[in-house]
Amino acid sequence: MAIWVALANQRRQLNAQMFIEFSARFQELLRLFPTDAWLANLNPSRPMPPRSQDVRDCTLYCFQLVADVYHLHQAGYITKRLWMLWEREIKHTLSGPVFQREWEDVSAEFVHNPDFFRYISALIHAKRQITIATSSLPSGRRDFPS
């Protein structure tokens, strides 16, 4: 019993470390990402930034980060609960217009991994979900496709 508890605690600690590490990598990407491109991706009513090497590089780095997390999840190193937290944000980010546009230019970098390529392609072309908090609803939120 003690060994099982120790192993469970070790797994939780490793997941916490991975969460901290990947969150730090994501924060670093946010600092590098051109502000106008990031804001246009989050809010499709904003004007799209022109294509540039900076935007392409930053989106490529984001796709590579997602690939790292995806492969760790597929290998069983990331718990389903932690993956679900990350995947919700991954879906929201990658379904934005900037990432949709840039995927056309960087997707060739990922064709060597057909599972990941199909996964990202499906996310890129999925309808974006917008969660709107509404205090009048019993659940406190409601999802609308945009």
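Outside the 6.0 Å centre-distance limit, the rings of Trp83 and Tyr77 are not counted as a close aromatic pair. Aromatic ring centroids of Phe110 and Phe116 lie under 6.0 Å apart. In this structure, the ring of Phe33 has its center no less than 6.0 angstrom from the ring center of Tyr61.
The two atoms that bring Glu104 and Ser107 nearest to each other are O-OG, 3.9 Å, heavy atoms only. Contact record, Ile124 with Phe99: CD1-O, 3.9 Å, taken as the closest heavy-atom pair. The two residues Leu42 and Pro44 come nearest to each other via the heavy atoms O-CD, 3.6 Å. Nearest heavy-atom pair across Pro47 and Ala40 is O-CB, 3.4 Å.
At least one donor-acceptor pair closer than 3.5 Å links the side chain of Asn41 to the backbone N or O of Val98. Formation of a donor-acceptor pair under 3.5 Å by the His73 side chain with backbone atoms of Val69 is not found in this model. Distance alone, capped at 3.5 Å, is enough to place a donor-acceptor pair between the Gln100 side chain and the Ser95 backbone. Between the Thr93 side chain and the Ile90 main chain, no donor and acceptor come within less than 3.5 Å of each other.
Looking at Trp103 and Ser121, their side chains come closer than 4.5 Å, going by heavy atoms from C-beta outward. Two residues are said to be in side-chain contact when any heavy atoms from C-beta on lie closer than 4.5 Å; Pro34 and Cys58 meet this criterion. Under the 4.5 Å side-chain criterion, counting only non-hydrogen atoms from C-beta, Glu21 is not in contact with Gln17.
Hydrophobic clustering keeps Met48 apart from Leu39 (ILVMFWY residues linked when any side-chain heavy atoms are closer than 4.5 Å, directly or through intermediates). Side-chain heavy atoms closer than 4.5 Å link hydrophobic residues (I, L, V, M, F, W, Y) into clusters, and following such links, even through other members, never connects Val55 to Val106. Under the 4.5 Å side-chain contact rule for hydrophobic residues, Ile20 and Leu72 do not share a cluster. Under the 4.5 Å side-chain contact rule for hydrophobic residues, Leu32 and Leu60 do not share a cluster.
For CE of Met84, the number of neighbouring non-hydrogen atoms (other residues, nucleotides, ligands) closer than 6.0 Å is 12 at most.
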_Under the criterion ring-ring contact (aromatic ring centres under 6.0 Å, His included), I'd like the reasoning laid out for Trp86 against Phe26: C-alpha separation, chi angles, the key distance, then a yes or no._
CA-CA 11 Å; Trp86 276 336; Phe26 182 70; over 10 Å; no

*Applying side chain to side chain contact (heavy atoms under 4.5 Å, CB included), run through Arg101 and Thr59 and close with a yes or a no.*
CA-CA 10 Å; Arg101 180 187 75 189; Thr59 54; over 6 Å; no

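With respect to Glu28 and Arg25, no salt bridge is recorded, no charged nitrogen being found less than 4.0 Å from a carboxylate O. Asp105 has a carboxylate O that lies under 4.0 Å from a charged side-chain N of Arg51, or vice versa, which qualifies the two as a salt bridge.
Side-chain contact of Glu87 with Tyr70: a donor-acceptor pair under 3.5 Å is absent, judged by distance alone. Remark: the Asp54 side chain and the Ser52 side chain contain no N/O donor-acceptor pair separated by less than 3.5 Å.
The OG1 atom of Thr35 sits 9.5 Å away from the CG atom of Leu30 when rounded to the nearest 0.5 Å.
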